[in-house]
*Asks:* 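Before I ask anything, let me first share the structure, which is written out below as structure tokens.
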2 protein chains.
Amino acid sequence: MERELEKLLKKSRLSVTDSRVKILELFFNQQGALAHGDIEKRTGEKFDRVTVYRTLQAFLTKGIIHTIPTNDNSIRYALCKDTCEEGHHHDNHVHFVCNDCGNTTCLEEIIIPEIKLPKGYASNQVEMIVSGICRACKKG
Amino acid sequence: MERELEKLLKKSRLSVTDSRVKILELFFNQQGALAHGDIEKRTGEKFDRVTVYRTLQAFLTKGIIHTIPTNDNSIRYALCKDTCEEGHHHDNHVHFVCNDCGNTTCLEEIIIPEIKLPKGYASNQVEMIVSGICRACKKG
DNA sequence: TAATAAGATGCAACTTTGTTGCAAAATATT
DNA sequence: AATATTTTGCAACAAAGTTGCATCTTATTA
């Protein structure tokens, strides 16, 4: 596990440090999205707030994670499945936000359908966020 | 105009005040979404920051405006075309965010296509945000 | 329309969130 | 192992958001 993470970091030309490995681990160990706050909580005040910000920023520009639009004031981040080139990142899957548990999940298998824009508009990226009750909460 | 706004406020059981009328006017006078910051700027420091927060909150719970998910840390608000019941708000149109001018527009005429969710998921609301270059910026 | 009740506003003080510069520490390179 | 390069944590700060409370405004009613 640690090895894999190291590889990913090295491939992205990021030096392998404690914080990066731990934070990356968090993403791998959970099937969903994390906000900055979640990460601070789950790392247990191990790293400085600034480090978390910078780590997320680094992962973002290297295309290791991507952002998911939200309705509240917190950017959510999730792992990119297919490796994305720096800068040019494109997700094409639907995101699901559970109103019960609050978790955000990537529905990798659900592809965002194409739409026709009005004349004069040029599309660059499309996001689709479905909210409702997730599988786990429906059962419970 | 003022009359219409007053009517809308009264219908929502909100008392008619200076700030509410002015802020509501802002929404009516522009075809797009506004973040808290935009509103503060455009009202020209006329109202206290706290008032703006509380006004938006009030409009939101009364179903006068709705939020649009964003990738940055700012909630964007837009007018609800069809009046929405309190709490239960449903938009079905696509939102467009211009990477050039930064404006968010409601594409009222573009309806969000239906999608099939994996088993066990229940959908409640769907948001679709397209980003790129808007008509105005493409011309300029 | 004046008096009262209900509600909204602004201020102050505070908390939370995010940013920047810089010295010290860790990692990478030779 | 020594040096160069990065990254980290701290401090100080800026921006964004929240809460309680006295004051003022709007609504209500007689």
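Lettering follows sequence order; numbering is per chain, from 1.
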*Asks:* What is the separation between atom CZ on A:Arg20 and atom C1' on C:dT27, rounded to the nearest whole Å?
*Replies:*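 Computing the A:Arg20:CZ to C:dT27:C1' distance gives 10 Å.
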*Asks:* Can you figure out which of C:dT20, C:dT9, C:dT17 approaches the side chain of A:Val50 most closely?
*Replies:*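 The nucleotide sitting nearest to the side chain is C:dT20.
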*Asks:* Mind checking side-chain contact (heavy atoms from CB on, under 4.5 Å) for A:Thr55 and listing every partner two or more places apart, or none if nothing turns up?
*Replies:*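 A:Thr55 satisfies side-chain contact (heavy atoms from CB on, under 4.5 Å) with A:Ser19, A:Arg20, A:Ile23, A:Thr51, A:Phe59 only.
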*Asks:* Between P on C:dG10 and NZ on B:Lys46, what's the gap in Å once rounded to a whole number?
*Replies:*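 B:Lys46 atom NZ is separated from C:dG10 atom P by 9 Å.
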*Asks:* May I have the distance from B:Lys22 (atom NZ) to C:dT9 (atom P), rounded to whole angstrom?
*Replies:*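 Value for this atom pair: 13 Å.
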*Asks:* Measure from the side chain of B:Asp48, starting at C-beta and using heavy atoms only, and say which of C:dT9, C:dC11, C:dG7 lies closest.
*Replies:*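 That would be C:dC11.
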*Asks:* Do the side-chain N or O atoms of B:Ser19 get closer than 4.0 angstrom to the phosphate oxygens (OP1, OP2) of C:dA8?
*Replies:*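 No, because none of the side-chain N or O atoms of B:Ser19 sits under 4.0 Å from OP1 or OP2 of C:dA8.
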*Asks:* Quick one: CZ on B:Arg135 to CZ on B:Phe96, what's the gap to the nearest 0.5 Å?
*Replies:*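 So the gap between those two atoms works out to 10.0 Å.
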*Asks:* Please report the distance, rounded to the nearest Å, between CD in B:Gln57 and P in C:dT9.
*Replies:*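 Going from B:Gln57 (CD) to C:dT9 (P), I get 13 Å.
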*Asks:* Name the residue from B:Val94, B:Val130, B:Ile112 that meets the side-chain contact (heavy atoms from CB on, under 4.5 Å) definition with B:Leu107.
*Replies:*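 With B:Leu107 as partner, side-chain contact (heavy atoms from CB on, under 4.5 Å) holds for just one option, B:Val94.
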*Asks:* Give the rounded distance in Å between these two atoms: CD of A:Glu40 and C1' of C:dT17.
*Replies:*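 These atoms are roughly 9 Å apart.
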*Asks:* Taking atom P of C:dA6 as reference, at what distance in whole Å does atom CZ of B:Arg13 sit?
*Replies:*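 From B:Arg13 CZ to C:dA6 P: 17 Å.
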*Asks:* Shoot me the first and last contacting nucleotide of DNA chain D against chain A, ordered 5' to 3', at under 4.0 angstrom to non-hydrogen atoms.
*Replies:*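 The contacted stretch runs from D:dT6 to D:dG17.
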*Asks:* For the helix from C:dT1-D:dA30 to C:dT30-D:dA1, what is the angle between the axes at its two ends, each from 5 pairs, rounded to 10°?
*Replies:*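 For the helix from C:dT1-D:dA30 to C:dT30-D:dA1, the axes at either end differ by 40°.
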*Asks:* Which heavy atom of B:Pro113 sits nearest a heavy atom of B:Met128, and at what distance?
*Replies:*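 Of all heavy-atom pairs spanning B:Pro113 and B:Met128, the closest is CD-SD, 3.8 Å.
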*Asks:* Can you measure A:Ile75 atom CD1 to C:dT16 atom C1' for me and round it to whole angstrom units?
*Replies:*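 Taking CD1 of A:Ile75 and C1' of C:dT16, I get 15 Å after rounding.
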*Asks:* B:Gly37 or A:Phe47: which one's nearest nucleotide on DNA chain D is closer to the 5' end?
*Replies:*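 Result: A:Phe47.
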*Asks:* Given the rule in the ring-ring contact (aromatic ring centres under 6.0 Å, His included) test, do B:His36 and B:Tyr53 qualify, once you have shown the distances and angles that lead to the verdict?
*Replies:* CA-CA 7 Å; B:His36 173 94; B:Tyr53 281 116; 3.9 Å; yes
*Asks:* Please state whether the base of C:dG10 and the side chain of B:Arg54 form at least one donor-acceptor pair under 3.5 Å?
*Replies:*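 Flag set: donor-acceptor pair detected.
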*Asks:* Identify whether the distance between the nearest side-chain nitrogen and carboxylate oxygen of B:Lys22 and B:Glu25 falls below 4.0 Å.
*Replies:*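 A salt bridge is absent here (no side-chain N lies under 4.0 Å from a carboxylate O).
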*Asks:* Which atoms form the tightest heavy-atom contact between B:Ile133 and B:Cys137, and what is the distance?
*Replies:*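 Distance-wise, the nearest heavy atoms are CG2-CB, 3.8 Å.
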*Asks:* Begin from the C-alpha positions of A:Arg3 and A:Glu6 and carry the test salt bridge (charged side-chain N to carboxylate O under 4.0 Å, His left out) through to its verdict.
*Replies:* CA-CA 5 Å; A:Arg3 288 276 146 243; A:Glu6 269 192 39; 3.1 Å; yes
*Asks:* Figure out the CZ/P separation between A:Arg49 and C:dT15, and round it to whole Å.
*Replies:*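 Between P of C:dT15 and CZ of A:Arg49: 14 Å.
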*Asks:* Kindly indicate, with the supporting measurements, whether the criterion salt bridge (charged side-chain N to carboxylate O under 4.0 Å, His left out) is fulfilled by B:Lys46 and B:Asp18.
*Replies:* CA-CA 10 Å; B:Lys46 218 171 168 304; B:Asp18 230 46; 3.6 Å; yes
